[in-house]
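Reviewing the structure listed below.
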Amino acid sequence: MAIVVVDVALKPEILDPQGRAIVGALGRVGLEGVSDVRQGKQFVLNIDGDVDEAKLAQINEIAATLLSNPVIEDFTVQVRP
Amino acid sequence: MAIVVVDVALKPEILDPQGRAIVGALGRVGLEGVSDVRQGKQFVLNIDGDVDEAKLAQINEIAATLLSNPVIEDFTVQVRP
Amino acid sequence: MTPRVGVITFPGSLDDKDAARAVRLAGGESVSLWHADADLHSVDAVVLPGGFSYGDYLRCGAIAKFAPVMGKLVDAANGGLPVLGICNGFQVLTESHLLPGALTRNDHLHFICRDQKLRIENNSSMWTSDFEVGQEILIPLKNGEGGYVADEVTLDELEGEGRVIARYLELNPNGSRRDIAGITNERGNVVGIMPHPEHAVEKLTGPTTDGLGFFTSLLSSLVNNGKISA
Amino acid sequence: MSIDTVSDATSSPKTAQPFAELGLKKDEYESIREILGRRPTSSELAMYSVMWSEHCSYKSSKVHLRQFGTKVPKNDSMLVGIGENAGVVDIGQGWAVTFKVESHNHPSYVEPYQGAATGIGGIVRDIISMGARPVAVMDPLRFGDPENPDTRRVLTGIVSGIGGYGNCLGLPNIGGEIVFDASYQGNPLVNALCVGTMKHEDIHLAKASGVGNAVILYGARTGGDGIGGVSVLASETFDADGPAKRPSVQVGDPFMEKLLIECTLEVLHAGLVEGIQDLGGAGISCATSELASNGEGGMHVWLDRVLLRDSTLSPEEILMSESQERMCAVVEPGKIDAFMAVCKKWDVEAVVIGEVNNSGRLTVEWHGQEIVNVPPRSVAHDGPVYERPYARPDWMDVRQSSGPDNLVRPKSAAEVKQTWLTMTGTPNLASKSWVTSQYDRYVMGNTVLAQPEDSGMIRVDEKTGLGIAVSTDCNARFAALDPYKGAQLALAESYRNVAVTGAKPLAVTNCLNFGSPEDSAVMWQFEQAVTGLADACLEMGTPVTGGNVSFYNQTGEVAIHPTPVIGVLGVIQDVDRRTPMAWQRDGEIVYVLGATRDELAGSEWAHAIHDHLGGLPPVLDLNAEMTLAEILVAGSRDGLFTAAHDVSEGGIAQSLAEMAMRSGVGARLEVPAGIDAFTFLWSESATRAVVVVSQDCYEKFVALCDAKKFPVTKIGVVDALSKSIELAGVFGESISLDIEELRTISEETLPRLFG
Ligand SMILES: Nc1ncnc2c1ncn2[C@@H]1O[C@H](COP(=O)(O)OP(=O)(O)O)[C@@H](O)[C@H]1O
Ligand SMILES: [Mg+2]
């Protein structure tokens with residue numbers, strides 16, 4: 001069994017209202033010096049069997065279409081050892 | 001400047017309906033063998049100056065109270081090099 | 001004397017005017033409380049209204065619990081002040097640990113707005129005393145994260161102590177454990193409920209007027225406790 | 001970063017400029033040079049290009065839209081007409097209402113969630129900028145083939161976006177439309193309507209008057225969102241293989257918008273504002289040039305003071321940015337502190353970016369250098385006007401002559417019953433509750449009627465019960481068969497949906513969704529629809545108070561059906577008197593008001609069963625439509641009706657099924673003499689409604705219809721003990737439709753497709 005982690009984040013130029021709200025809240029609870037927060041999503045996939053080249057390519061394809069919207073988001077795919 | 005990443009995931013015993021919906025969708029787009037998906041949140045904090053022991057402790061505290069809800073979620077804190 | 005019931009407005013609160021209207025229709029006086037004002041203005045009870053406080057960003061109710069007014073409210077609630085949290089207000093109460101458990105994303109992943117049937121399970125809380133146990137009521141429900149969860153021990157404890165105040169009937173609209181729609185603390189003064197009694201107080205705009213019972217219950221409880229003379 | 005200043009522009013007249021990439025034609029560019037007497041600076045070019053785009057300048061539609069100004073019916077209730085952010089209508093008792101629809105079609109195809117969300121955000125800001133409190137939203141939507149997998153992506157995203165934004169804003173969603181047709185496959189329509197209420201004295205306009213007054217930009221920070229979105233997105237056609245250009249999309253922040261609503265209403269009510277404008281398409285370019293040209297005609301802007309989310313933005317980008325949730329106010333110097341205090345209370349950032357003057361010019365500086373110096377009217381109002389060629393296409397002959405007469409119709413009781421069951425479950429007729437239950441209809445506590453009722457109805461005044469009703473409608477298949485009549489039929493349907501609830505129709509808004517104006521056939525459809533609508537509004541006494549045009553809705557060369565969505569606003573003196581759609585009480589009498597003819601061209605039956613579109617749309621008599629409305633409004637006021645429901649898509653069969661499903665109560669009915677069961681059930685003749693009248697009132701009701709010489713036919717009685725619709729006279733037999741079976745069929749379609 002393999003574990004694949006897909007991180008999806010809003011592109012830097014896209015507004016992240018949640019992140020902005022969190023910056024405000026961090027100030028209120030006394031954490032100083034936080035200039036920016038971005039909130040992303042993390043998908044942890046449990047996959048039966050091995051993740052070979054072909055499978056990884058397929059996962060990358062799915063990350064680009066299903067798990068993220070390339071118009072506003074970037075993603076990374078990592079196979080966890 | 002330092003970057004701190006806080007990953008927040010639902011505790012394993014808590015149902016993750018989003019993850020379950022993704023398992024279904026992955027099946028439909030032809031990715032076989034995915035037995036489970038969990039969807040979590042990732043917060044990327046840009047912090048001015050250094051993150052020393054004290055700051056890290058403060059961030060851990062905030063991750064436990066503000067960024068996650070310990071009743072349903074676990075978290076990890078990582079300082080990015 | 002007319003009881004004074006505070007309604008807290010956070011940035012992003014939406015059903016605050018409705019809660020105030022319900023208080024008035026039940027015969028109380030509504031008092032607006034502002035999130036940034038660390039003062040409860042000597043009210044006799046407080047309603048935390050529905051809505052999207054702070055946009056519901058991060059987690060519903062998570063940012064609101066750090067509002068200045070909440071510090072005062074937590075102390076007062078621990079001291080016996082009646083508090084009703086509706087929907088987002090319920091989420092604020094669990095985040096503030098005035099009530100156990102948490103509210104999570106609806107199991108079907110959609111926001112849902114429907115007329116929901118409930119069974120009242122407890123009429124000894126300050127907000128449910130005018131109902132009969134077993135009474136069925138119909139009030140609006142509208143939420144995206146209304147699934148009540150808690151660990152088995154907590155759930156058993158809530159059941160054992162009779163602290164589930166209302167349960168969903170016919171359809172569990174959000175995947176709540178054990179069909180729980182609302183709970184109370186041990187003392188019966190703090191109640192959280194996911195559906196919206198304040199939207200069922202007029203025949204013209206609600207499916208029923210069943211929701212009024214929560215607000216009249218409070219007024220009766222205040223009188224019975226001697227807080228307010230009849 | 002090198003800055004192109006006004007003096008650079010004067011000294012280097014030959015510099016080549018990318019006007020074509022910005023969507024400007026050669027002659028448009030030349031006329032900018034003529035207006036300025038030099039080449040524009042790059043910032044000026046940015047401003048002109050966005051403001052002269054189709055979306056902002058209405059350059060292809062203007063010549064036709066003028067009809068709404070020339071064919072204005074006598075109507076004392078109009079307080080503010082076309083041209084402002086939204087029209088304002090007097091509803092009595094000192095109350096005024098403003099409402100408007102806008103399209104967000106192209107962005108919603110690229111990023112369905114955010115596209116639809118920001119569509120709601122934009123229309124809500126139009127309403128606040130009139131000084132009104134938004135009280136409800138509606139969302140007329142059009143999607144492609146429901147079985148196409150891309151429709152799932154588009155629909156689920158759009159619906160969540162509308163709910164996600166509107167629910168978070170605290171505005172009840174009180175109605176809309178969901179229509180499926182393959183013509184929208186690569187180009188869904190997302191129209192968003194907002195309605196707001198205010199006292200007469202609170203009406204505000206977008207103008208910058210008072211020399212020395214400050215121009216304040218407040219709300220969200222300016223970022224790189226949707227740069228060029230207006231000129232590129234709104235004027236480029238989508239190719240079959242995807243969008244030609246993918247400009248960055250705007251992301252909405254409904255929480256910020258909620259703060260903006262509260263903050264804006266507070267500064268307006270405190271009397272701190274002289275003029276106000278929302279920032280929509282074309283952002284700061286639009287707000288400053290419009291404010292300036294509507295006031296004394298001069299303004300100076302310090303562009304470097306604009307608060308940025310991204311510090312690397314160039315001045316051109318700042319001028320064009322379409323960042324959401326921003327507003328602009330003109331404030332007297334002595335009131336700036338008070339204004340800022342309100343902003344601070346609501347956690348809204350604000351900064352003075354300019355000053356009103358009487359220079360007659362809009363000047364913009366960037367760190368001390370002048371980068372814009374233009375006559376503001378030339379940017380905001382004097383854009384190009386095109387008289388695009390238009391001509392009725394030859395294929396209209398074929399389309400209109402291939403009517404539905406040869407389509408196979410059910411001919412026995414069993415076939416009628418089967419058709420009824422099938423029709424109840426078509427995506428267009430099926431219950432929309434899977435969608436609408438994702439929208440909050442209760443918030444604010446004044447929703448008297450919402451989906452699935454014929455109109456949304458909102459209580460405006462809690463003390464007197466004064467209220468308003470709003471409906472939006474359009475059967476685009478009728479418009480495809482005859483755009484002039486189609487627009488009128490859309491108006492008639494919307495008018496009727498308002499009247500059926502007991503409200504008197506008062507005013508009209510529209511969202512005209514069409515293909516490319518560069519296609520003479522599309523331009524003809526547009527001209528016909530506008531003319532039809534203007535003529536009908538004149539005759540019916542309901543002025544057009546505002547609206548929106550969306551062109552270039554096509555996939556490749558193929559345009560969508562012409563889709564003039566019409567919104568009608570009505571007023572009801574006491575919402576307690578409203579007429580709901582469902583029958584309830586045993587023994588009450590069911591009538592059909594209006595005449596049913598054999599009219600199936602463009603009907604849902606022809607579409608769903610035979611995939612057929614041809615012939616001529618139903619006949620429409622506007623006077624009869626007005627008489628029907630008078631009967632419906634009088635009947636509601638006098639308490640004659642216990643229920644009423646209009647007849648439109650799906651004919652009388654669908655109306656009866658909806659009434660029964662809503663209450664769960666059955667009826668014993670009979671097909672009237674002189675008409676066959678099929679035509680009676682599925683013809684879509686206009687100007688009809690089903691009404692339910694108590695035994696005590698029917699004489700009065702029939703007398704009312706007789707006095708107005710309006711056809712009325714008794715078709716049966718409500719049967720509270722029965723759980724089915726019994727219909728006699730169906731090709732000599734009776735049929736029985738179980739309400740629970742109908743409900744199951746109706747409810748399962750959308751979840752099956754999209755759940
Ligand atoms: N996208 C939508 N949003 C909100 N309400 C909708 C939407 N689509 C349809 N509805 C509601 O569902 C009901 C049925 O719609 P429809 O059949 O189009 O009504 P009608 O034919 O009377 O105009 C109406 O109350 C309408 O407002
Ligand atoms: Mg209708």
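A note on names: the letters A, B, ... follow the listed sequences, proteins ahead of strands, and every chain is numbered from 1. Hydrogens, waters and symmetry mates play no part in the numbers below; they use all other heavy atoms, side chains included. What you see is a predicted model, and the numbers here were worked out from it, not measured in a lab.
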Report task. List the steps, then state whether side-chain contact (heavy atoms from CB on, under 4.5 Å) holds for Ile22(A) with Leu67(B). Result -> CA-CA 9 Å; Ile22(A) 295 165; Leu67(B) 297 179; 3.9 Å; yes
Requested in this report: Show the numbers, then the answer: is there a side-chain contact (heavy atoms from CB on, under 4.5 Å) between Leu31(A) and Ile59(B)?
Outcome: CA-CA 8 Å; Leu31(A) 184 65; Ile59(B) 294 172; 4.1 Å; yes
Query raised in the report: Given Leu45(A) and Leu26(B), is the side-chain contact (heavy atoms from CB on, under 4.5 Å) satisfied, shown in steps?
Result: CA-CA 10 Å; Leu45(A) 282 61; Leu26(B) 290 175; 4.1 Å; yes
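For chain A, no part of Ile3(B) is nearby; none of its heavy atoms comes within less than 4.5 Å. In this structure, chain A has a heavy atom under 4.5 Å from the side chain of Ile62(B), while its backbone stays farther away.
Residues passing the side-chain contact (heavy atoms from CB on, under 4.5 Å) test with Ala9(A): none are found, sequence neighbours excluded.
Ranking Ile47(A), Val44(A), Val37(A) against chain B, the residue ahead of the rest is Val44(A), based on heavy-atom pairs under 4.5 Å. Of all the listed residues (Leu66(B), Val23(B), Val4(B)), the one sharing the greatest number of non-hydrogen pairs under 4.5 Å with chain A is Leu66(B).
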Distance-only criterion, 3.5 Å: which donor-acceptor pairs connect chain B and chain A?
unit_1: Gly30(B); atom_1: O; unit_2: Gln58(A); atom_2: NE2; d: 2.8
unit_1: Glu32(B); atom_1: O; unit_2: Lys55(A); atom_2: NZ; d: 3.1
unit_1: Gly33(B); atom_1: O; unit_2: Asp48(A); atom_2: N; d: 2.8
unit_1: Ser35(B); atom_1: N; unit_2: Asn46(A); atom_2: O; d: 2.9
unit_1: Ser35(B); atom_1: OG; unit_2: Asn46(A); atom_2: O; d: 3.4
unit_1: Asp36(B); atom_1: O; unit_2: Asn46(A); atom_2: N; d: 2.8
unit_1: Arg38(B); atom_1: N; unit_2: Val44(A); atom_2: O; d: 3.0
unit_1: Arg38(B); atom_1: O; unit_2: Val44(A); atom_2: N; d: 2.9
unit_1: Gly40(B); atom_1: N; unit_2: Gln42(A); atom_2: O; d: 2.6
unit_1: Gly40(B); atom_1: O; unit_2: Gln42(A); atom_2: N; d: 2.9
unit_1: Gln42(B); atom_1: N; unit_2: Gly40(A); atom_2: O; d: 2.9
unit_1: Gln42(B); atom_1: O; unit_2: Gly40(A); atom_2: N; d: 2.6
unit_1: Val44(B); atom_1: N; unit_2: Arg38(A); atom_2: O; d: 2.9
unit_1: Val44(B); atom_1: O; unit_2: Arg38(A); atom_2: N; d: 3.0
unit_1: Asn46(B); atom_1: N; unit_2: Asp36(A); atom_2: O; d: 2.8
unit_1: Asn46(B); atom_1: O; unit_2: Ser35(A); atom_2: N; d: 2.9
unit_1: Asn46(B); atom_1: O; unit_2: Ser35(A); atom_2: OG; d: 3.4
unit_1: Asp48(B); atom_1: N; unit_2: Gly33(A); atom_2: O; d: 2.8
unit_1: Lys55(B); atom_1: NZ; unit_2: Glu32(A); atom_2: O; d: 3.1
unit_1: Gln58(B); atom_1: NE2; unit_2: Gly30(A); atom_2: O; d: 2.8

